[in-house]
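Notes follow once the structure below has been shown.
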Amino acid sequence: TLELCHQLRDAGASLIAIHARYRASWERTSAGARDGPAMLDQVQKIKESMPDFPIISNGNVITYDDVVNNQTLTGADGIMSAEGILNNPALYLPRYGDDGERSIELPKLSPLLNKVEQNQSSGSTSDKAGRKLNKKLREIIAIEKKIAESGED
């Protein structure tokens, strides 16, 4: 896995997302066709071998404490969740977490704002997917502004 990650980086990948879990079998017959919990120590080893390259860790994330623990253990630049986010869409927001006293640094949305502004000024959103993306980005930016104005950030 280390060698593959280095090859991906060297081939021009801008980030790597890792779900460090083995498949129980190649034929998935049920939702539980994965073998055990994600092995976050493997993500940690990859991040240590590539300290200046963005690594996203995925696995074992159901609660906000899991987000914090995953990031703390792996040192990853970001944390992904698949099933946990379905049950709790506010999973990554510290104020809705299991322990309101702890938080991790969340990325700011300024790059998204810049992208929306660039697309609007260049008119590059002529396709339907681009217009939908810009609409969603504007909605996210509006929510972020409301949070910042309320002082809850």
- Task: Using the test side-chain contact (heavy atoms from CB on, under 4.5 Å), find all partners of Q7 that sit at least two apart in sequence or belong to another chain.
- Result: E3, L4
- Query: Would you say N70's side chain and G59's backbone share a donor-acceptor pair under 3.5 angstrom?
  - Reply: yes
- Item | Under 3.5 Å donor-acceptor, N60 side chain and P37 backbone | no
- Note on the structure: Nearest heavy-atom contact between T74 and S57 is CG2-OG, 3.8 Å
- Can you tell me how far OG of S81 sits from CD1 of I62, rounded to the nearest 0.5 angstrom? 6.0 Å
- Task: Kindly write out the residues that satisfy side-chain contact (heavy atoms from CB on, under 4.5 Å) with L73, not counting sequence neighbours, or none if the list is empty.
- Result: L40, Q44
- Item | S49 to L2 - nearest heavy-atom pair and separation | OG-CD2, 3.2 Å
- Task: Treat each ILVMFWY residue as a node, draw an edge where side-chain heavy atoms are under 4.5 Å apart, and state whether I56 and I46 are in one component.
- Result: no
- Message: If I compare all heavy atoms of C5 with all of M50, which pair ends up nearest, and what's the gap?
- Response: O-CE, 3.6 Å
- Message: Listing request: all salt bridge (Lys or Arg N to Asp or Glu O under 4.0 Å) pairs with a residue in residues 41-61, at least two apart in sequence or in separate chains.
- Response: K47-D77
Show me the side-chain donor-acceptor pairs of residues 9-16 shorter than 3.5 Å, one per line, residues at least two apart or across chains.
unit_1, atom_1, unit_2, atom_2, d
R9, NH2, H6, ND1, 3.1

- Query: Are F53 and V43 linked, directly or through other ILVMFWY residues, by side chains that come within less than 4.5 angstrom of each other?
  - Reply: yes
- Query: What is the distance from atom CD1 of I55 to atom CD1 of I79, rounded to the nearest 0.5 Å?
  - Reply: 11.0 Å
- Any sub-3.5 Å donor-acceptor pair from Q71's side-chain atoms to A76's backbone N or O? yes
- Please answer: with hydrophobic residues joined when any side-chain heavy atoms are less than 4.5 Å apart, are I18 and L8 in the same cluster? yes
- Is there a donor-acceptor pair under 3.5 Å between the side chain of Y92 and the backbone N or O of I85? no
